[in-house]
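What you see is a predicted model; the values in this text were computed from it and never measured. Numbers restart at 1 for each chain; the letters A, B, ... are given by sequence-line order, proteins then strands.
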Protein chains: 2
Amino acid sequence: MKEWEEQFRAFLRGRGLTFTPERRAVLEEIFAEHGHFDVETLHDRLRSRGSRISIATIYRLIPLLTESGMIRPATLRDGHPTYEHLFGHRPHHHLTCVRCGKVVEFRQEEIEKILDKICGRHGFSPFDYRLGVRGVCAACRKEETG
Amino acid sequence: MKEWEEQFRAFLRGRGLTFTPERRAVLEEIFAEHGHFDVETLHDRLRSRGSRISIATIYRLIPLLTESGMIRPATLRDGHPTYEHLFGHRPHHHLTCVRCGKVVEFRQEEIEKILDKICGRHGFSPFDYRLGVRGVCAACRKEETG
DNA sequence: TTGCGATTGTTAATCATTCTCAATATAAGG
DNA sequence: CCTTATATTGAGAATGATTAACAATCGCAA
């Protein structure tokens, strides 16, 4: 059984909820890729594989996945929420190109240390942080200038 | 004439748009406070001062304010967009308490330097960045523990 | 003052998300 | 293998925020 399946089953059990084929299908689809996803594309992907799952089921699943730590909200793409899964993925952050939409992920421990210091100063106990940089990528800048 | 009025007028002029009493009223209201705002509370605040402005007018104004650099999107509060104005305010970031919703702003040049380095490595030209930390503030933690 | 384009408020439309509900599936206990 | 109580599902209706359409008004330049 896959690592994430085990973890999600445990979470559901703890709440008296059940692991269903629909839920498995959604998880499979989420973990099939490392990129970001939103509810609609997830639904489309499942449908295109022959699943008859309702989009409402996916919407209903999102909070469970978030609370169980399987996924977390990522950056917003044109104002609606996207998510990323948290397995085989260390916490990371995003450079987003505002022209082509390309997203580059990066990781920087140095920043985490600074943040810990800042949180300490303000008496905060942090449990998540998010860093998003918006800009223009090399390719788009080139196109723009020339 | 206030600094921000001058700047917004210039922006509108450059686009062949006009500075109206409604637009002034919205700006006044935005700059009356330093905190975050969303469209609905802005509308309520204006109404409670006797204005008859329509909420559609405010929605229509948001992109103009963003493009002119008067405001920028801030963190999301329960999934709908909030903004902050950019006058008398240096760029800053947020610690948000997930229990009581308190937001502490902080500023850290060191982080900006690190980000510049990272952007350089990826060929990005950054023009905005956003750093949000979610956690529990001292008061709430105290309450929690007993 | 006139005229043209921008702006406004109202109302209707749209879109994502959530809710309702009847039907079905699940897990646990016999 | 049955039974039962509860959780889950899909379909479609309902919601709520945001956007669009439109006719009436306003603001600016000539």
Side-chain angles (χ1 to χ4, degrees), chain A residues 1 5-6 8-29 36-68 71 73-83, chain B residues 1 5-6 8-29 36-47 49-68 70-71 73-83:
Chain A
M1 194 189 296
E5 178 170 336
E6 200 160 357
F8 193 50
R9 273 180 186 276
F11 169 81
L12 292 174
R13 210 178 307 121
R15 293 222 184 170
L17 306 177
T18 57
F19 190 76
T20 66
E22 289 81 6
R23 287 173 179 176
R24 181 203 298 272
V26 173
L27 278 200
E28 294 273 8
E29 197 58 53
H36 296 170
F37 63 90
D38 61 17
V39 169
E40 199 186 335
T41 57
L42 204 51
H43 186 232
D44 290 346
R45 273 158 59 191
L46 284 159
R47 290 296 193 133
S48 74
R49 296 196 181 196
S51 168
R52 304 200 153 285
I53 195 169
S54 157
I55 199 166
T57 298
I58 302 176
Y59 274 113
R60 283 188 281 236
L61 193 46
I62 294 290
L64 294 176
L65 293 173
T66 305
E67 286 160 33
S68 65
I71 68 174
T75 48
L76 279 94
R77 207 186 307 246
D78 339 294
H80 67 263
T82 63
Y83 306 90
Chain B
M1 192 190 295
E5 178 171 335
E6 200 160 356
F8 192 50
R9 274 179 185 277
F11 168 81
L12 292 174
R13 209 177 310 122
R15 294 221 184 169
L17 306 177
T18 57
F19 189 77
T20 64
E22 289 81 4
R23 286 174 179 177
R24 181 203 298 272
V26 173
L27 278 200
E28 292 274 7
E29 197 57 53
H36 296 171
F37 63 89
D38 61 19
V39 170
E40 199 186 335
T41 58
L42 203 51
H43 186 233
D44 290 347
R45 273 159 57 190
L46 285 159
R47 290 294 192 133
R49 295 195 183 197
S51 168
R52 304 201 152 285
I53 194 169
S54 156
I55 198 167
T57 298
I58 303 176
Y59 274 114
R60 283 188 282 238
L61 192 47
I62 294 291
L64 294 176
L65 293 173
T66 306
E67 286 160 32
S68 65
M70 311 294 287
I71 67 174
T75 47
L76 279 93
R77 207 187 306 247
D78 342 294
H80 68 261
T82 64
Y83 306 89

Which residue is it: R24(B), R45(B), H43(B)? I am looking for the one with a side-chain hydrogen bond (donor to acceptor under 3.5 Å, both in side chains) to E29(B). R45(B)
Take nucleotides 22-30 of chain C nucleotide by nucleotide from the 5' end and write B, S or -, depending on whether a protein heavy atom sits under 4.0 Å from the base, only from the sugar-phosphate, or from neither. ----SS---
Examine dT9(D): is either OP1 or OP2 under 4.0 Å from a nitrogen or oxygen in the side chain of R52(A)? Give yes or no. no
Which part of the nucleic acid, if any, lies within reach of I53(B) when heavy atoms closer than 4.0 Å are counted: base, sugar-phosphate only, or nothing? sugar-phosphate
Expressed as a whole number of angstroms, how long is the span from L42(A):CG to dA16(C):P? 15 Å
Which listed nucleotide (dT17(C), dT18(D), dA11(D)) is nearest to the side chain of H80(A)? dT17(C)
I want to check something: taking the side chain as every heavy atom from C-beta on, are F37(A) and I71(A) in contact at a cut-off of under 4.5 Å? yes
Take the protein atom CG of L61(B) and the nucleotide atom C1' of dG9(C), then report the distance between them rounded to whole Å. 15 Å
Winner on side-chain proximity to L17(B), out of dT17(C), dT7(C), dT10(C), is dT7(C)
Rounded to whole Å, how long is the line connecting atom CG of L64(A) with atom P of dT8(D)? 8 Å
Side chains of T57(B) and R60(B), heavy atoms from C-beta outward: is any pair under 4.5 Å? yes
Over 60° means perpendicular and under 30° means parallel, so classify the ring planes of F8(A) and F19(A), tilted if in between. perpendicular
Classify the nucleic acid contact of R60(A) as base, sugar-phosphate or nothing, counting any heavy atom under 4.0 Å across all strands shown. base
Calculate the interatomic distance between H43(B) atom NE2 and dA17(D) atom P; express it in whole Å. 13 Å
Sorted by chain and number, sequence neighbours left out, side-chain contact (heavy atoms from CB on, under 4.5 Å) with T20(B) holds for T18(B), E22(B), R23(B)
Rounded interatomic separation in angstrom, taking OH from Y59(B) and C1' from dT19(D): 10 Å
Ranking dG9(C), dG10(D), dA17(D) by distance to the side chain of E40(B), first place goes to dA17(D)
Grab the CD1-C1' distance between I55(B) and dA20(D) for me, whole Å please. 15 Å
With side chains defined as the heavy atoms from C-beta onward, is the minimum distance between I62(B) and T66(B) less than 4.5 Å? yes
Is the count of non-hydrogen atoms from other residues, nucleotides or ligands lying under 6.0 Å from R49(A) atom CZ greater than 12? no
L46(A) CG to dT9(D) P: how many Å, rounded? 12 Å
Closer to the 5' end of DNA chain C via nearest nucleotide, is it A56(B) or A56(A)? A56(B)
Roughly, in whole Å, what's the span from CD1 in I62(B) to P in dA17(D)? 15 Å
Can you tell me if R13(B) touches the phosphate of dC28(D), counting only side-chain N or O atoms and a distance under 4.0 Å to OP1 or OP2? no
